[in-house]
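Each remark here refers to the structure printed beneath this line.
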Amino acid sequence: MKLGDVLILSLALAMVIIGIHQSLVAGIGASYPIFMFAVGLLFWFQLRRNKAKAKEEAEALKVPKKKKKN
């Protein structure tokens with residue numbers, strides 16, 4: 001995982017923890033936007049991970065061209 005992926009995942013976890021705290025203190029209505037932001041971060045993390053995986057697979061399938069001898 002790259003640093004950006006770790007930051008996104010850590011931020012999503014922090015938002016879930018904050019959302020749980022806000023649910024207990026102020027109710028689910030007040031914490032709903034926080035949970036939705038956490039879900040958005042998780043989707044973004046998954047998108048980045050899938051793109052990186054697809055890029056690695058595409059690079060693995062490429063066959064290097066052979067140079068011609070003169």
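Hydrogens, waters and symmetry mates play no part in the numbers below; they use all other heavy atoms, side chains included.
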Inset, instruction - Of all the heavy-atom pairs spanning G29 and P33, show the shortest one and how long it is. - result: O-CD, 3.9 Å

Inset, instruction - Grab the two heavy atoms, one from D5 and one from R48, that are nearest each other, plus how far apart they are. - result: OD1-NE, 2.6 Å

Do [X] and [Y] land in one hydrophobic cluster if side-chain heavy atoms of ILVMFWY residues count as linked below 4.5 Å?
X	Y	value
L42	M36	no
F35	W44	no
L9	V16	no
L13	L7	no
V39	I8	no

For the atom pair [atom1] ([X]) and [atom2] ([Y]), what is the distance rounded to the nearest 0.5 Å?
X	Y	atom1	atom2	result
E57	K55	CD	NZ	13.5 Å
Q22	M15	CD	CE	10.0 Å
S31	I18	OG	CD1	11.5 Å

Legend entry - Criterion side chain to side chain contact (heavy atoms under 4.5 Å, CB included) on M1 and F45, from CA distance to verdict: CA-CA 10 Å; M1 260 194 299; F45 170 75; 3.6 Å; yes

